[in-house]
Amino acid sequence: MKFFKRLLGTRPVSALVESATWEAVEATLPFLDRLSPAKKSRLRELAAALIENKEFAGAHGLQVSDSMRLSIALQACLPVLELGVEAYDGWVGIVVYPGDFVIPHRMIDEDGVMHEYDEEALGEAWDGGPVLLSWFDDQEHYGGANVVIHEFAHKLDMLTGEANGLPPLHFGMSLDAWLDAFENAYDDFCHRIDSGEETEIDPYAAEHPAEFFAVISEVFFVEPELLHDEYPAVYEQLATFYRQNPLAP
């Protein structure tokens, strides 16, 4: 990639990929249709930069194709379309698994007893480390979740340390307004889940404030109408944080 950039001078990196290839991948991501042509072009530039600066690796013998890289990069860069791909500096690895995978966990309970267990996952983001992603050719296997946006939202959350649902707010944003919107929404959502309500938003959002932020970020970009209808104050905070308004005409 760097060789071609030197060879072609100032030609955009994204121009090294044929337009038909971009369009074929974008067609599998219908939520990108909300973007104007100018924003879609900028997203391609960011995606190309991400591919250049990150190391993609397939796990369990998976061969990561160019289309897979493009798909992951486009989705990963959507949240930073107006923030810059530099928000993902400080780590390099993206590991792609063929389907879901198992993560070993160790936990010490209140009595000091160590418990070890395995948990199936679709993705995981490590603080200072790689992003782990599952890959299914059939989108239905994700159960409506957008794993890429979810895990890369965690990466933004981790810019302030351990993921806790409070990413670094921009100058001029109100911490009180953010906490008021998110804490009220999280408490309400947890109450709805505990009462047995079947929600359109993934119940996994009730696991922890960090998961709520990541799931709600998915909804913001993929189903913004749903988030605006259910938690308009959270929608407004995310629109300010991501500097995007998916519902804007």
Side-chain angles (χ1 to χ4, degrees), residues 28-35 71-72 74-83 99-100 103 119-125 131-136 138-160 162-167 169 173 175 177-248:
T28 68
L29 307 170
F31 50 89
L32 296 184
D33 291 343
R34 298 177 183 275
L35 299 177
S71 178
I72 291 169
L74 284 167
Q75 294 173 82
C77 288
L78 182 58
V80 296
L81 180 60
E82 303 297 340
L83 305 179
D100 51 12
I103 301 173
E119 180 181 20
E120 289 189 352
L122 290 174
E124 185 168 83
V131 171
L132 313 182
L133 300 169
S134 61
W135 181 268
F136 294 100
D138 186 348
Q139 293 292 316
E140 291 187 4
H141 285 294
Y142 291 107
N146 187 294
V147 177
V148 178
I149 292 178
H150 184 106
E151 299 306 332
F152 278 80
H154 278 318
K155 278 295 190 181
L156 296 177
D157 193 358
M158 291 173 181
L159 290 174
T160 54
E162 184 177 354
N164 60 3
L166 179 60
L169 303 182
M173 290 187 68
L175 176 60
W178 178 280
L179 293 177
D180 183 62
F182 271 85
E183 289 178 354
N184 288 337
Y186 181 65
D187 289 345
D188 175 75
F189 189 75
C190 289
H191 175 74
R192 293 167 63 189
I193 296 301
D194 291 341
S195 66
E197 179 181 341
E198 293 187 6
T199 59
E200 292 187 65
I201 295 175
D202 188 347
Y204 188 61
E207 288 290 316
H208 186 276
E211 298 302 341
F212 186 75
F213 171 72
V215 170
I216 290 300
S217 291
E218 295 178 52
V219 181
F220 177 77
F221 288 106
V222 178
E223 297 183 89
E225 296 90 351
L226 173 61
L227 179 58
H228 190 272
D229 289 344
E230 297 211 3
Y231 297 114
V234 169
Y235 181 93
E236 293 302 325
Q237 288 299 313
L238 288 184
T240 303
F241 174 71
Y242 287 117
R243 293 173 175 160
Q244 300 183 59
N245 184 358
L247 295 180

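Since the structure is predicted, the reported quantities are computational estimates derived from the model, not experimental observations.
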Salt bridge (Lys or Arg N to Asp or Glu O under 4.0 Å) with [X]: which residues, sequence neighbours excluded?
{"X": "E207", "answer": "none"}
{"X": "E183", "answer": "none"}
{"X": "E230", "answer": "R192"}
{"X": "E162", "answer": "none"}

Where is the tightest heavy-atom contact between [X] and [Y], given as atom of each residue plus distance?
{"X": "A125", "Y": "E151", "answer": "N-OE1, 3.1 Å"}
{"X": "A153", "Y": "A214", "answer": "CB-CA, 4.1 Å"}
{"X": "L83", "Y": "P79", "answer": "CD1-O, 3.7 Å"}
{"X": "F189", "Y": "A205", "answer": "CE2-CB, 3.6 Å"}

Task: E82, CD atom: more than 12 neighbouring heavy atoms under 6.0 Å - done: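 Yes, CD of E82 has more than 12 neighbouring heavy atoms, counting only those of other groups under 6.0 Å.
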
TODO: Can you establish whether the number of heavy atoms outside H208 located under 6.0 Å from its atom NE2 is more than 12?
DONE: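 For H208, atom NE2 is crowded (more than 12 foreign heavy atoms under 6.0 Å).
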
Using a 4.5 Å cut-off on heavy atoms from C-beta on, say whether the side chain of [Y] contacts that of [X].
{"X": "I72", "Y": "V131", "result": "no"}
{"X": "L35", "Y": "L78", "result": "yes"}
{"X": "F221", "Y": "N146", "result": "no"}
{"X": "E218", "Y": "V147", "result": "no"}

Does [X] have any side-chain contact (heavy atoms from CB on, under 4.5 Å) partners at least two apart in sequence or in another chain, and if so, which?
{"X": "A185", "value": "F212, Y231, V234"}
{"X": "P232", "value": "none"}
{"X": "A177", "value": "S174, Q237"}

- [ ] For side chain to side chain contact (heavy atoms under 4.5 Å, CB included), just list the numbers for L247 and R34, CA-CA rounded to whole Å, side-chain angles, deciding distance to a tenth of an Å, and then say yes or no.
- [x] CA-CA 8 Å; L247 295 180; R34 298 177 183 275; 4.1 Å; yes

Output all residues satisfying side-chain hydrogen bond (donor to acceptor under 3.5 Å, both in side chains) with [X], sequence neighbours left out; order by chain, then residue number.
{"X": "Y242", "result": "S217"}
{"X": "D187", "result": "none"}
{"X": "N245", "result": "Y235"}
{"X": "N184", "result": "D180"}

Gap separating the [atom1] atom of [X] from the [atom2] atom of [Y], nearest 0.5 angstrom:
{"X": "K155", "Y": "H150", "atom1": "NZ", "atom2": "NE2", "value": "13.0 Å"}
{"X": "I216", "Y": "L226", "atom1": "CD1", "atom2": "CG", "value": "8.0 Å"}
{"X": "E198", "Y": "I193", "atom1": "CD", "atom2": "CD1", "value": "9.5 Å"}

Open item on the list: Check the orientation of F213 and W178. Use parallel for under 30°, tilted for 30 to 60°, and perpendicular for over 60°.
Closed with: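 F213 vs W178 ring planes: tilted.
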
Open item on the list: Donor-acceptor check, side chain of N164 to backbone of A210, threshold 3.5 angstrom: yes or no?
Closed with: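 No; zero donor-acceptor contacts below 3.5 Å.
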
Open item on the list: Determine whether a donor-acceptor pair (N or O, by modelled atom type, separation under 3.5 Å) exists between the side chain of T160 and the backbone of L166.
Closed with: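 Checked: pair present.
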
Open item on the list: Quick one about S71 and Q75 (side-chain donor to acceptor, distance below 3.5 Å, no hydrogens or angles considered), yes or no?
Closed with: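 Distance-only check passes for Q75 and S71.
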
Open item on the list: Restricting to ring-ring contact (aromatic ring centres under 6.0 Å, His included), what partner residues turn up for F152, sequence neighbours left out?
Closed with: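 Per chain and number, F152 pairs via ring-ring contact (aromatic ring centres under 6.0 Å, His included) with Y88, W91.
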
